[in-house]
Each structure stands twice: as C-alpha cells, then as structure tokens.
Protein chains: 2
Amino acid sequence: MEIKKRQLEIIEAAGEILTESGLAGLTTKKLAAKMGFGESALYRHFKGKEEIIITMLQYLNADMDKRLTACVENINDPVKKLDAVFNNQFDFFQQHPQFLVAVFSEGLMEESKSINAAILQLMATKRKHLLPIINQGQLQGIIETTAPAEDIMHIIMGSFRLHMLQWRMSDFAFDVKKKGNKLMESILTLIKV
Amino acid sequence: MEIKKRQLEIIEAAGEILTESGLAGLTTKKLAAKMGFGESALYRHFKGKEEIIITMLQYLNADMDKRLTACVENINDPVKKLDAVFNNQFDFFQQHPQFLVAVFSEGLMEESKSINAAILQLMATKRKHLLPIINQGQLQGIIETTAPAEDIMHIIMGSFRLHMLQWRMSDFAFDVKKKGNKLMESILTLIKV
DNA sequence: CAGTTTTGTGAGTGAACATTCACATACTTA
DNA sequence: TAAGTATGTGAATGTTCACTCACAAAACTG
C-alpha cells in the first residue's frame with residue numbers, strides 16, 4: 001500500500017473535516033473545496049468516499065505502529081516506556097490535530113465492513129504496544145499486581161481517550177501535552193507499587 | 001418539558017438507530033419505519049429531526065439526574081456510593097441499550113448550537129454526581145490524595161466510557177454489569193488508600 | 001517536439017434526504 | 001351522535017448527496 005503525495009493531501013483534508021464535523025460532515029463537496037479543485041477530481045485519486053476513509057485509517061495505523069515501535073526501543077524501564085509512548089502521541093496530535101479522528105474512529109462505524117475492519121485494526125495496534133509494557137512492569141514489580149494488566153491498560157487507554165476528547169471539545173484550547181503529562185503522572189502514581 | 005407517550009416511543013426508536021448506526025443512520029425514513037408509520041407522521045410529534053435529538057438528550061439528562069440522586073441518598077460511604085452510581089448506570093443501559101448513545105453523545109456534534117448545548121449539559125450532570133463523592137472520599141481519608149480529585153474522576157469516567165464502548169462494539173456480547181463491576185473493583189483497589 | 005499519461009473541469013444523473021400539504025381516519029367528549 | 005381534536009396517509013417539494021462522463025490542459029518521456 002503506497003500512498004501518493006496527492007492522496008496524502010486528500011487524506012489530511014478528510015481528517016480535518018472528520019475531526020471538526022464528523023462523518024456526516026465529510027462530503028465530496030467540502031473535501032474538494034478544501035483541496036481547491038472540483039469534486040470530480042477526487043475520483044482521479046480514490047475510487048470513492050469509502051476508500052478515502054479506509055486509506056486514511058490504514059495510513060494512521062501504519063504510522064502509529066512505526067512511531068510507537070521507534071520511541072521505546074532504547075528504553076528499558078516500563079514506566080519510562082509509558083511516558084515515551086504517551087509523549088509521542090501527544091506530540092503527534094499536537095502537530096496533526098486533523099488526525100484526532102483516529103482516536104475516536106468508532107464514530108466512523110457504519111454499515112461498511114471494511115471501515116469497521118480498519119477501525120478494529122487501529123485499536124488492536126494500540127493494544128499491541130501497551131499491554132507488553134504493563135506486563136513487563138508487573139513482572140519487574142514496578143507496577144501494581146493487585147489489578148490485572150488488562151484492567152490497568154483499560155484505565156490508561158480510557159483516560160487517554162477522554163483527555164483527547166476534552167481537548168477536541170475545548171477546540172484545542174489547552175496544552176494537550178502539559179495537561180496530558182499531569183494526568184499520566186496521576187495515573188502512574190496510582191498504578192506504581 | 002413534558003414528554004408524551006408517543007414522543008417517548010419515538011425517542012426510544014431514535015436512540016436505537018443512533019446507537020446502532022450513528023447520526024448519519026438516523027433518517028426520517030428509518031425512524032418512521034421503526035415506528036410503523038409514514039415519515040410525515042413524525043412531524044405531528046416533533047418540529048423536526050433536530051428537536052427529536054435535543055428532546056432525547058434532555059430526557060436522558062433529566063432521567064439520569066433523578067436516578068443518580070436517588071441511588072446514593074441512603075449511602076454514606078463514598079466507595080459504596082461509587083459502587084451504587086455505576087451499578088445504577090450498568091442496570092440502566094442493560095435495560096435500555098438503545099440509549100447508549102447518551103454515553104457517546106459527542107458523536108452527535110454537528111453545527112447545531114442547541115445539540116451541542118444539550119451534550120455539554122449531559123456531561124456536566126455526570127460530573128456533578130461524581131466529583132462530590134471523590135472529594136468526600138478524599139476528605140475522609142478513604143481515597144488517595146496523591147492524585148487530584150479531578151484526575152481521579154477523569155480516570156473513572158474515561159474507564160467507564162471505554163467499557164461501554166467495548167460493550168457496544170462487541171454487539172452487547174458480554175455482561176456489562178459483571179465485567180463492569182470487576183473493572184470498578186480494579187479501579188477502587190488502585191484509588192483506595 | 002510529438003505522443004502519452006496524469007490530473008483537472010463542468011455539466012449532468014439518479015438516489016436519498018428533510019420537510020410540507022391537502023386530505024382522511026380514529027379517539028374523545030359534550 | 002355530533003363536533004372537535006389528535007394522529008395518521010401519500011404524493012410532492014426542493015436540496016444535497018456520491019458519483020460519471022466527455023472533454024481539456026498540464027506534465028512527463030522518448
């Protein structure tokens with residue numbers, strides 16, 4: 001799956017619309033207007049609307065997978081790994097707020113099987129990066145074992161999602177990274193032994 | 001704001017469609033079909049689609065406010081209050097899964113000012129019930145004070161939301177209450193002193 | 001610079017949408 | 001039972017939607 005320059009531009013514009021107006025707001029008219037050309041030009045780059053959404057989700061999935069793999073490779077301490085992962089996410093969304101839709105991709109669920117598959121893939125990737133870190137932390141006696149790793153991951157993921165939601169609902173009014181780090185600190189305080 | 005029988009039926013049908021297909025899926029055609037009458041009959045009961053959504057959100061807000069107030073009034077222990085609040089929520093959504101849209105109401109955000117106001121009201125009500133309990137728990141030395149009450153509430157709310165999301169995504173395949181109580185137990189373990 | 005491919009245009013298509021309206025039936029109550 | 005009101009119907013409205021097509025300009029390639 002190679003994505004051409006123009007396709008990436010379209011995906012970015014689509015993300016922007018999705019993040020600010022939701023699925024119902026993503027129309028070919030709006031998307032073409034944001035790109036500065038007519039609606040019909042969209043179909044030179046994608047088969048249709050569904051393909052645009054799926055390609056966007058697949059791109060975000062691959063990108064996140066790469067980023068998160070890279071950002072922990074030289075770190076051993078599980079707590080520092082968690083810090084690195086979330087700082088990486090905060091940085092990414094601060095630089096690319098248009099892709100915040102990735103965090104709330106469930107909102108895109110409709111009747112389309114392939115879109116749903118892409119969404120599940122995104123969630124699986126997030127999980128793939130977090131769970132081993134929690135497990136490692138518990139094994140090393142750094143993270144609480146009174147709660148199952150699954151639950152701790154759930155708590156971290158849920159808090160992260162809500163944090164990003166509040167950021168979007170506030171119209172990006174506060175510093176996600178700063179506030180996010182304070183929140184992560186609170187969570188770590190609670191889950192550390 | 002009194003809601004008539006027929007209006008409540010329409011609101012329930014609308015919730016059902018919103019929960020399973022999202023905002024884009026809520027069309028007058030589908031809604032009328034679910035009600036067993038023609039589209040035009042909808043306009044005997046509501047001014048339009050927007051009014052249906054707003055009335056639904058206001059109804060859910062008032063209902064939740066009443067429920068949550070009632071369910072803690074004879075309880076003193078903050079931890080038991082939290083338990084009561086969440087068991088009440090689990091019970092409600094188990095009985096009325098069509099109203100799960102209330103938990104993910106942000107998905108309804110569009111250009112409509114009044115819908116956004118109704119959504120913010122819902123979130124404010126949830127907050128109104130939770131925060132005093134956490135504060136009380138911290139004052140009584142039952143809940144950790146190493147993390148601010150705001151953050152603890154954030155963690156609880158975020159975990160609850162993600163739990164409900166997974167329930168919906170699984171097509172209501174597991175027992176929300178049972179699994180939810182296990183999750184709440186894990187959270188309480190972490191936040192109790 | 002000739003030929004080919006890539007990328008755009010603008011008008012047009014049918015389907016789905018929310019909403020309206022003249023009309024009809026059912027329910028309530030004096 | 002007659003009158004009034006609440007609730008429904010079915011056809012029609014204009015709008016917006018995703019998408020197509022014949023055509024044109026621009027960019028690349030030998």
Side-chain angles (χ1 to χ4, degrees), chain A residues 1-57 59 101 107-116 118, chain B residues 1-57 59 101 107-116 118:
Chain A
M1 183 197 53
E2 327 125 21
I3 296 175
K4 298 197 170 177
K5 242 173 291 180
R6 203 63 168 162
Q7 283 184 308
L8 186 59
E9 284 171 30
I10 294 173
I11 285 174
E12 282 175 351
E16 222 168 298
I17 296 172
L18 284 172
T19 295
E20 69 193 20
S21 321
L23 186 58
L26 181 65
T27 64
T28 48
K29 193 177 176 178
K30 264 196 208 169
L31 185 51
K34 191 154 261 182
M35 289 298 298
F37 53 46
E39 298 177 59
S40 43
L42 287 172
Y43 295 86
R44 293 284 169 208
H45 306 281
F46 292 98
K47 215 184 115 191
K49 201 177 151 179
E50 190 184 16
E51 202 187 72
I52 295 176
I53 295 175
I54 291 174
T55 308
M56 184 190 72
L57 290 173
Y59 165 76
V101 63
L108 305 180
M109 283 209 274
E110 23 164 27
E111 306 111 42
S112 160
K113 290 258 180 210
S114 3
I115 290 184
N116 284 16
Chain B
M1 184 197 52
E2 328 127 19
I3 296 176
K4 298 198 169 178
K5 241 173 291 180
R6 203 62 169 159
Q7 284 184 308
L8 186 59
E9 284 172 30
I10 294 173
I11 285 174
E12 281 175 353
E16 223 168 298
I17 296 172
L18 283 172
T19 295
E20 69 194 19
S21 321
L23 186 59
L26 180 65
T27 64
T28 47
K29 193 176 176 178
K30 265 196 207 167
L31 184 52
K34 190 154 260 179
M35 289 299 298
F37 52 46
E39 299 176 58
S40 43
L42 287 171
Y43 295 85
R44 293 283 169 211
H45 306 281
F46 293 99
K47 215 185 113 190
K49 201 178 151 179
E50 190 183 17
E51 201 187 72
I52 295 176
I53 295 175
I54 290 173
T55 308
M56 184 190 71
L57 290 173
Y59 165 76
V101 64
L108 305 180
M109 284 208 273
E110 23 166 25
E111 307 110 40
S112 159
K113 290 260 180 208
S114 3
I115 290 184
N116 284 15

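Hydrogens, waters and symmetry mates are skipped; everything else that's a heavy atom, side chains included, is used. Note that this is a predicted model, so its numbers are computed, not measured. Convention: sequence-line order gives letters A, B, ...; per-chain numbering from 1.
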Q: Round to a whole Å and report the spacing from CZ of B/F46 to C1' of C/dA18.
A: 16 Å
Q. Taking atom P of C/dT19 as reference, at what distance in whole Å does atom CG of B/L42 sit?
A. 10 Å
**Q.** Whole-Å distance separating the CG atom of B/L31 from the C1' atom of C/dA16
**A.** 16 Å
**Q.** Distance, rounded to the nearest Å, where B/I10 contributes CD1 and D/dA6 contributes P
**A.** 15 Å
Q) B/L23 CG to C/dC17 P: how many Å, rounded? A) 13 Å
Q) Can you check the B/K30 NZ to C/dT19 P distance for me, whole Å? A) 17 Å
(Q) Is the shortest side-chain heavy-atom distance between B/L31 and B/K49 below 4.5 Å? (A) no
Q: Any pair with a residue in residues 17-36 of chain A that passes salt bridge (charged side-chain N to carboxylate O under 4.0 Å, His left out), sequence neighbours left out, goes on the list, sorted by first then second residue, please.
A: A/E16-A/K34, A/E20-A/K34
Q.
At under 4.0 Å between heavy atoms, how does the protein contact nucleotides 17-26 of chain D? Give one character per nucleotide, 5' to 3', with B, S or -.
A. SBBBBBB---
Q. How would you list, by chain and number, every residue that makes a salt bridge (charged side-chain N to carboxylate O under 4.0 Å, His left out) with A/E9, sequence neighbours excluded?
A. A/R6
Q.
Side chains of A/L108 and A/L57, heavy atoms from C-beta outward: is any pair under 4.5 Å?
A. yes
(Q) Does B/L23 form a side chain to side chain contact (heavy atoms under 4.5 Å, CB included) with A/L23? I'd like the steps, not just the answer. (A) CA-CA 8 Å; B/L23 186 59; A/L23 186 58; over 6 Å; no
**Q.** Pairwise side-chain contact, A/I54 with A/F46, heavy-atom cut-off 4.5 Å (strictly under)
**A.** no
